[in-house]
Amino acid sequence: MARVGGGGELLRRLLSQLYHSARWAAPRPRGPAAFYSTAITSAKVEVNGAHLHYQQTGNGNHVVLLLPGMLGCGQTDFGPQLKSMNKQLFTVVAWDPRGYGKSIPPNRDFPPDFFERDAKDAVDLMQVNLFYLPSQVVASRAEEQLFPSCFSVRNKALKFKKFSLLGWSDGGITALIAAARYPKLIHKMVVWGANSSVTEEDVKLYNGIRDVVKWSEKARKPMEEMYGREYFSKTCEAWVDGISQFIHKPNGSICQSLLPHIKCPTLIIHGEKDPLVPRFHPEYLHEHIISSQLHFMPEGKHNLHLRFAEEFNRVVEKFLL
């Protein structure tokens, strides 16, 4: 998240973005014709001392990891991608960072290296060699009988040697760090709503959402249903303190020094109506990431992958292929 001006109007816009993210909490299958979109498995696995939850769908050779934003998880932040990305070309994995979604416990905390920790967790999750039985399969028994090969993942080792990253907002920051730290593992990367530094104006915005009681009911209710009122409130406050601590770094840097170390082809998407991340942030990323492209969506806001899911998925799939 990043700099933006204005007081009450800013808060209203931010809460609108959060609401439209949360409304995608449950992917909606359409029936046999959309079979691949209904074949979603979920499981938990221990990684770096935390039991991390993830969802997986698709049988393609190109593996893609989806990284959610602040207080988000795969289920709330990536409904249209889990549902509609090409399941024959891609294997899509959406993870819940520790302390978010269904990766609780542990409770979420924000030490100075929390983005670095998330990056390591995410990469290590994709490198885990395990055999698992999914805790949930969103597909009918009839579909499984009709397409048994599509469910062979139940008996398949999940150790991905190379994969691409799709990171939104905080997840975009995590993706940037992962791509810089583990270049041999990352095939391609797409980020949007991400920033590599924090400004004074950013901190004012973050403090504007510290008190969740001031959030609109539409934005607040889905989070309270997922986390409970107390956990949601405390975690939001902790996040504000956690992201604001970077203002004390030189130039407010979160990961600016790592950007030149990103070697994978990178697509930076920016919604030109994003009230949270001004244009200079994606332009800075584009300038400092060698193999990068910058794509603008004129009507896009912070949650452009939800509001304009069809266009977003089309642009991303074209880039990844």
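Numbers here are sequence positions counted from 1.
In this structure the side chain of Leu52 reaches within 4.5 angstrom of the side chain of Asp121, judged on heavy atoms. Within the 4.5 Å cutoff, side-chain heavy atoms of Pro97 are placed close to those of Asp118. Considering only heavy atoms from C-beta on, Val92 stays 4.5 Å or farther from Gln56 through its side chain. Taking 4.5 Å as the limit, some side-chain heavy atom of Glu116 sits within range of a side-chain heavy atom of Arg181. Between Leu65 and Phe160, every side-chain heavy-atom pair lies at or beyond the 4.5 Å cut-off. The side-chain heavy atoms of Pro68 and Trp95, taken from C-beta on, include a pair separated by under 4.5 Å. Looking at Val316 and Ile269, their side chains come closer than 4.5 Å, going by heavy atoms from C-beta outward.
Although no hydrogens or angles enter the test, the distance criterion places no donor-acceptor pair under 3.5 Å between the side chain of Ser292 and the main chain of Thr266. For the pair Glu299 (side chain) and Lys273 (backbone), a donor-acceptor distance under 3.5 Å is absent. With hydrogens and angles disregarded, a donor-acceptor distance shorter than 3.5 Å links the side chain of Asp77 to the backbone of Gly69. Between the His288 side chain and the Tyr284 main chain, a donor and an acceptor come within less than 3.5 Å of each other. No donor-acceptor distance shorter than 3.5 angstrom exists from the side chain of Arg98 to the backbone of Pro105, with no hydrogens or angles considered. Within the 3.5 Å criterion, the main-chain N or O of Gln88 finds a donor-acceptor partner in the side chain of Asn86. A donor-acceptor pair under 3.5 Å is absent between the side-chain atoms of Lys161 and the main chain of Gln127, judged by distance alone. In terms of modelled atom types and a separation under 3.5 Å, the side chain of Gln245 and the main chain of Gly242 share a donor-acceptor contact. Put simply, the side chain of Lys214 never gets that close to the backbone of Arg210: no donor and acceptor are under 3.5 Å apart.
Comment: Lys44 does not engage Asp96 in a salt bridge, judged by the lack of any side-chain N to carboxylate O separation of less than 4.0 angstrom. Residues Arg117 and Asp113 are not paired through a salt bridge, judged by the lack of any N-O separation under 4.0 Å between the basic side chain and the carboxylate. Here Lys301 does not pair with Glu272 in a salt bridge; the nearest charged N to carboxylate O distance is not below 4.0 Å.
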When the side chains of residues 222-233 are checked against the rest of the protein, which donor-acceptor pairs come out under 3.5 Å, sequence neighbours left out?
| unit_1 | atom_1 | unit_2 | atom_2 | d |
| --- | --- | --- | --- | --- |
| Glu224 | OE2 | Arg220 | NE | 3.3 |
| Tyr227 | OH | Leu71 | O | 2.8 |
| Tyr227 | OH | Gly101 | N | 3.0 |
| Glu230 | OE2 | Lys234 | NZ | 2.8 |
| Tyr231 | OH | Gly99 | O | 2.7 |
| Tyr231 | OH | Arg108 | N | 2.9 |

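Put simply, CD1 on Ile243 and CG on Asp170 are 5.0 Å apart, with the number rounded to the nearest 0.5 Å. Atoms OG and CD, on Ser42 and Gln55 in that order, are 6.0 Å from each other to the nearest 0.5 Å. In this structure, SG on Cys264 lies 8.0 Å from CD1 on Ile289, to the nearest 0.5 angstrom. To the nearest 0.5 Å, atom OH of residue Tyr182 and atom CE of residue Met126 are 14.0 Å apart. Note that the CG atom of Leu285 and the CD1 atom of Ile268 stand 5.0 Å from one another [nearest 0.5 Å]. Ile40 CD1 to Leu82 CG: the interatomic distance, rounded to the nearest 0.5 Å, is 5.0 Å.
One hydrophobic cluster, built from ILVMFWY side chains closer than 4.5 Å, cannot hold both Ile290 and Ile262; they sit in different ones. Under a hydrophobic-cluster definition in which Ile, Leu, Val, Met, Phe, Trp and Tyr are linked whenever side-chain heavy atoms come within less than 4.5 Å, directly or via other members, Met189 and Phe296 are assigned to the same cluster.
Nearest heavy-atom pair across Lys87 and Lys83 is NZ-O, 2.7 Å. Pairing each heavy atom of Asp109 with each of Phe114, the nearest pair is O-CB, 4.3 Å. When every heavy atom of Lys162 is checked against every heavy atom of Ile186, the shortest pair comes out as CE-O, 3.7 Å. Smallest separation of non-hydrogen atoms from Asn313 and Ser84: ND2-CB, 3.9 Å. The minimum heavy-atom distance between Phe280 and Thr199, with the atom names listed, is CZ-CG2, 4.2 Å. Scanning all heavy atoms of the two residues, the minimum distance from Val64 to Phe90 falls at CG2-CD2, 3.8 Å.
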Does the side chain to side chain contact (heavy atoms under 4.5 Å, CB included) test come out yes or no for Trp192 and Val277, once each step is laid out? CA-CA 9 Å; Trp192 65 105; Val277 179; over 6 Å; no
Set out, in order, the CA-CA distance, both residues' side-chain angles and the distance that settles side chain to side chain contact (heavy atoms under 4.5 Å, CB included) for Val240 and Asn207, then state yes or no. CA-CA 6 Å; Val240 171; Asn207 278 292; 3.7 Å; yes
Show your reasoning for whether side chain to side chain contact (heavy atoms under 4.5 Å, CB included) applies to His295 and His270. CA-CA 6 Å; His295 177 84; His270 181 64; over 6 Å; no
For the pair His53 and Ser103, evaluate side chain to side chain donor-acceptor pair (under 3.5 Å) and give the outcome as yes or no after the intermediate values. CA-CA 5 Å; His53 174 265; Ser103 294; 5.5 Å; no
Side chain to side chain contact (heavy atoms under 4.5 Å, CB included) between Leu165 and Val190, worked out: CA-CA 6 Å; Leu165 303 172; Val190 182; over 6 Å; no
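Every residue two or more places apart in sequence or in another chain was checked for a salt bridge (charged side-chain N to carboxylate O under 4.0 Å, His left out) with Asp211, and none qualifies.
In this structure, His305 has its ring center closer than 6.0 angstrom to the ring center of Trp168. Residues His187 and His62 place their aromatic rings such that the two centres sit under 6.0 Å apart.
Checked by atom type, the side-chain pair Ser169/His302 shows a donor-acceptor distance below 3.5 Å.
Ring geometry for Phe110 against Tyr100 counts as tilted: the plane angle lies between 30° and 60°, on a 0 to 90° scale.
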